[in-house]
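All remarks here apply to the structure that follows.
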Amino acid sequence: MEAKASQNAGRVMDGPINPMVTPLLTDLYQFTMAYAYWKAGKHNERAVFDLYFRKNPFGGEFTVFAGLEECIKLIANFKLTEEEVSFIYKSLPGSCEEGFLNYLREIDCSDVEVYAISEGTVVFPKVPLLRLEGPVAVVQLLETPVLNLVNFASLVTTNAARHRLVAGQSKMLFEFGLRRAQGPDGAIGASKYCYIGGFDATSNVAAGRLFGIPLRGTHSHAFVSSFMSPDEILERSLCSSDDSSTCEDFVTLVHSWLSKMQWLKSLGGIFGETNQSELAAFISYALAFPNNFLALVDTYDVIRSGVPNFCAVALALSDLGYRAVGIRLDSGDLAYLSSEARKIFHTIEKELGVPGFGKMIITASNDLNEETLDALRKQGHEVDCFGIGTYLVTCYAQAALGCVFKLVEINNQPRIKLSEDVSKVSIPCKKRCYRLYGKEGYSLVDIMTGENEPCPKVGERILCRHPFSESKRAYVVPKRVEELFKCYWPGKSGKLREELPALKDIRDHCIKQLEQMRPDHIRRLNPTPYKVSVSAKLYDFIHFLWLNEAPVGELQ
């Protein structure tokens with residue numbers, strides 16, 4: 001998929017990665033509203049919309065914001081083609097005037113401003129992730145595609161971050177979800193956003209090409225079972241790693257090591273005759289990739305065949321100056337099998353004098369999720385790398401994040417959306433958002449203020465109030481203050497545009513963000529809710545507007 005490029009006010013930016021992300025990637029009612037705005041002469045009225053979510057996913061108390069880059073690329077390239085205009089006109093009710101077509105032909109996002117939190121930032125409910133300002137009809141047309149681009153991206157990034165926290169920083173995490181993802185788009189997006197959330201590599205070759213994500217993968221059970229015996233191996237020679245010599249019969253060398261292992265008393269007769277078709281597959285793979293030999297060892301029997309066969313091939317490679325990578329477990333009791341495999345590796349290192357053999361990498365897969373990672377950690381295991389697929393990329397534990405896009409101001413007049421459900425009441429007006437940090441370096445609270453209120457200052461006490469609960473309030477004396485919004489698309493404001501960072505930088509930012517969170521906020525079980533607040537002045541204004549807009553009932 002090749003992205004088109006757009007030039008806006010001298011700035012050139014590639015289009016979205018996915019070519020289906022166009023102005024038509026929206027709901028029909030966005031165009032019917034655009035026509036109604038145009039018909040009423042309201043289409044150019046200046047509006048401000050907030051994009052935010054109401055509840056953290058997966059039963060946790062944090063979310064990682066992602067999808068911003070694709071949103072900005074959409075906005076930078078937002079322009080309807082003649083064919084698209086014609087299709088829209090045919091799709092609208094017949095009463096639509098043809099003058100509306102000329103309006104659609106002309107619109108772009110040159111007068112739209114976008115302010116957002118940096119991608120990869122840990123975020124919380126009610127705090128706007130993006131604020132869009134511009135002509136109401138144009139910004140309304142952006143609602144659905146922007147929500148589409150942020151919802152899944154933030155959900156899967158958060159899911160990846162949660163898996164990373166459970167696994168720990170010392171383990172390698174690989175995203176193996178391509179075959180189980182919801183279509184090509186879900187797979188490509190999941191690979192990108194799992195990488196942002198802390199995964200180290202992906203099996204998805206297309207994602208590796210598009211985003212520069214490291215690739216990982218070896219072979220499947222089919223490769224192992226496709227061999228019948230070592231007699232099938234025709235080319236048996238292998239040069240040493242330094243090309244100084246050649247082993248003419250690598251198969252015989254492997255068999256000699258297998259015999260030596262069988263006589264080791266320290267292995268206690270763990271194995272006898274191993275599966276020879278599996279051994280043939282391992283030898284063939286090692287001959288193809290002597291520097292990257294990693295074997296899937298559970299096709300037949302992990303301890304009695306897979307691990308011994310791997311060790312024999314690895315020892316033969318060691319004779320020629322190569323170092324095998326390790327094994328992958330894809331079934332069974334991963335805690336037990338990984339521990340037993342590690343014992344065998346250590347025994348071989350000690351008994352046969354092969355330095356570093358005990359540190360062979362053990363990778364585990366097989367429908368892993370947060371719960372199984374947590375269980376393995378509690379049981380004790382010897383796994384170095386986890387390959388995670390279905391539960392990760394499909395966000396099996398929660399289908400959607402639930403971001404919303406609400407009007408908060410039009411023509412400089414604040415607007416509020418009311419509901420009997422207090423969690424659905426919007427926070428009106430154009431706002432600024434800050435994160436306040438305590439003396440230990442952890443973030444304490446996010447606070448929203450009115451656009452023209454003074455910025456919280458380090459060392460100065462500020463009253464932080466819950467937006468809707470009168471009794472929930474606290475004074476905070478911040479040791480550091482961070483303003484969350486940056487201008488990523490200035491429109492005609494003349495402001496400097498924040499450059500979009502590289503994917504690796506977004507990933508690093510995400511990891512650093514999680515390190516700055518208090519551990520009880522991000523723990524898996526019973527996390528402490530993070531405080532999101534408003535200034536005293538904004539609190540008073542919210543409730544003034546609430547009372548002003550809510551109809552007064554009458555009892556008879």
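Positions are given from 1 along the sequence.
A salt bridge is absent between Lys171 and Asp200: the closest approach of a Lys/Arg side-chain nitrogen to an acidic carboxylate oxygen does not fall below 4.0 angstrom. Salt bridge status for Asp505 with Lys512: absent, with no side-chain N to carboxylate O gap under 4.0 Å. Salt bridge Glu119/Lys486: absent, no basic N to carboxylate O contact under 4.0 Å.
The CG atom of Asp298 sits 11.0 Å away from the CD1 atom of Ile303 when rounded to the nearest 0.5 Å. Rounded to the nearest 0.5 Å, atoms CG (Leu238) and CG (Asp319) are 11.0 Å apart. Here CD1 of Ile348 is found 6.0 Å from CG of Leu267. Values are rounded to the nearest 0.5 Å. Summarising the geometry, atom CZ belonging to Phe386 is positioned 10.5 Å from atom CZ belonging to Phe199; distances are rounded to the nearest 0.5 Å.
In this structure, Phe357 and Leu315 have side chains that are in contact, with non-hydrogen atoms separated by less than 4.5 Å.
Counted by atom type alone, Ser305 and Glu278 present one or more donor-acceptor pairs between their side chains at under 3.5 Å. With 3.5 Å as the limit, one finds a donor-acceptor pair spanning the side chains of Thr528 and Asp520.
Remark: the backbone N or O of Thr218 is paired with a side-chain donor or acceptor of Tyr285 at under 3.5 angstrom. A donor-acceptor pair under 3.5 Å links the side-chain atoms of Gln398 to the main chain of Phe58, judged by distance alone. With Asn151 contributing its side chain and Gly402 its backbone, the two residues share a donor-acceptor pair below 3.5 Å. The backbone N or O of Gly217 lies less than 3.5 Å from no partner atom in the side chain of Arg328, so there is not a single donor-acceptor pair. Side chain of Arg342 to main chain of Met360: a donor-acceptor pair is present (N/O by atom type, distance under 3.5 Å, no hydrogens or angles). Between the side chain of Ser118 and the backbone N or O of Thr121 there is no donor-acceptor pair closer than 3.5 Å.
Looking at every heavy atom in both residues, Ser338 comes nearest to Glu382 through OG-N, 3.1 Å. Between Arg54 and Pro125, the closest heavy-atom pair is O-CB, 3.3 Å.
A distance below 6.0 Å separates the ring centres of Phe293 and Phe310.
The cationic group of Arg518 does not satisfy the cation-pi geometry with Tyr442, failing either the under 6.0 Å distance to the six-membered ring centre or the 45° limit from the ring axis.
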